[in-house]
2 protein chains.
Amino acid sequence: MNDQVDETDLAILRLLQTDGRATHAAIGKAVGLTGPSVYARIKRMERDGIIRGYTALIDPAALDQGLVAIVRVSLKASADEQEPFESIIGADPQVLECHDVDGEDSYILKVRTASPQTLRRLLADLRGVPGVTRTVSSIALETVKDVTATAVLGPVAEARDSGRTAEPAEDR
Amino acid sequence: MNDQVDETDLAILRLLQTDGRATHAAIGKAVGLTGPSVYARIKRMERDGIIRGYTALIDPAALDQGLVAIVRVSLKASADEQEPFESIIGADPQVLECHDVDGEDSYILKVRTASPQTLRRLLADLRGVPGVTRTVSSIALETVKDVTATAVLGPVAEARDSGRTAEPAEDR
DNA sequence: TTTGAAATCCGTAATAG
DNA sequence: CTATTACGGATTTCAAA
């Protein structure tokens with residue numbers, strides 16, 4: 001499943017997550033390679049889908065999207081209700097995340113809006129989607145942390161535990 | 001509060017969110033400016049904190065961080081319990097988001113781990129933090145959507161039309 | 001993986017609108 | 001005040017070994 005990602009690759013990924021516009025030469029100096037070597041590794045990882053792309057991190061407040069809310073959505077338990085919901089979610093740029101979760105809820109969303117009023121409108125839209133029976137919103141008073149960078153913990157090769165598939169973590 | 005961000009800036013931000021490594025020349029061609037003009041605008045937005053940085057988007061599975069969970073945390077209602085919690089959250093690279101929310105919960109986290117076992121370990125750490133009285137986890141069976149790009153809906157700091165523009169501003 | 005090289009790009013400066 | 005042109009230096013990208 002895991003493509004070959006050695007430690008040099010991990011170091012490159014770490015640097016690219018810190019600065020997505022770092023030059024190949026600078027990356028090379030940090031990892032002990034030359035510019036073209038770094039270039040080749042990056043191109044390979046882009047081809048393999050390990051690097052999905054690059055993006056600028058924008059201050060949401062500057063785009064008048066300063067309000068964050070987590071929305072838990074309950075959907076009627078019939079298979080054909082998911083399709084319209086997910087396509088609407090995908091089309092709304094104010095919905096940044098949508099996770100199909102186990103447990104009590106059907107989906108958990110992270111949304112960004114300009115104000116409580118625009119959030120209200122968004123929630124009204126969500127509740128209008130066929131199958132949606134309930135939404136519970138939690139407005140973020142403050143976002144303590146919000147990073148996009150996936151943790152780069154170490155070489156992927158080692159298989160410490162590959163137990164079975166996800167079972168609900170029963171915590172309370 | 002809003003810095004001056006005109007429609008050209010918005011177009012640049014949109015392009016940079018789509019491709020954080022786009023060249024100034026390419027951006028310029030798209031928005032009708034030359035490379036140096038784009039460069040000046042970008043530098044200004046970086047200085048103003050509108051552009052916070054650049055990052056590569058990495059496939060979490062390639063870094064063995066394929067499991068996503070949303071964790072709701074309840075904290076004892078005393079002011080001095082927040083500090084240790086937030087500092088621990090900030091130090092853990094597996095905690096990607098932490099929102100201080102209103103409502104029933106104290107915090108809502110988004111975490112990434114390798115497996116249910118590592119999630120279990122993370123939750124055990126969280127429950128060990130002084131003041132934490134309860135955690136409720138929802139494991140993502142599938143992440144339907146997960147974007148970092150803030151929606152760029154339209155001009156923020158009011159724009160009086162200077163002629164016809166391609167993209168009308170919509171209030172949402 | 002490295003070196004080399006060509007095309008492109010960046011970033012500054014000076015100028016013009 | 002912002003955009004454009006001009007230009008030296010850096011970077012990307014592709015060869016070849």
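Proteins come first, then strands; the chains are lettered A, B, ... in the order of their sequence lines, and each starts at number 1.
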What is the distance, rounded to the nearest whole Å, between atom [atom1] of [X] and atom [atom2] of [N]?
X	N	atom1	atom2	result
R47(A)	dT13(D)	CZ	P	13 Å
L33(A)	dT3(C)	CG	C1'	14 Å
E46(B)	dC10(C)	CD	P	12 Å
I42(B)	dA3(D)	CD1	C1'	15 Å
R41(A)	dT12(D)	CZ	P	17 Å
I27(A)	dA10(D)	CD1	P	18 Å
K43(A)	dA15(D)	NZ	P	14 Å

For [N], does either OP1 or OP2 sit under 4.0 Å from a side-chain N or O belonging to [X]?
X	N	answer
Y39(B)	dT12(C)	yes
R21(A)	dT11(D)	no
R44(B)	dT2(D)	no
S37(B)	dT4(D)	yes

* Going by atom types alone, do R127(B) and T135(B) pair a side-chain donor with an acceptor below 3.5 Å? ->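 The answer is yes; a qualifying pair exists.
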[X] side chain, from C-beta outward: closest of [options]:
X	options	result
T23(B)	dC9(C), dT1(C), dT12(D)	dC9(C)
T34(B)	dT2(C), dT11(D), dT4(D)	dT4(D)
H24(B)	dG4(C), dT12(D), dC10(C)	dC10(C)

* Centroid separation F85(B) to Y107(B) less than 6.0 Å ->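 Yes, they do, as the ring centres are separated by less than 6.0 Å.
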Residues [X] and [Y] bridged, charged N to O under 4.0 Å:
X	Y	answer
D100(B)	K145(A)	no
R52(A)	E46(A)	no
D64(A)	R112(A)	no

* To do: Report the residue (P36(A) or A26(A)) whose heavy-atom-nearest nucleotide on DNA chain D is the more 5′ of the two.
  => A26(A)
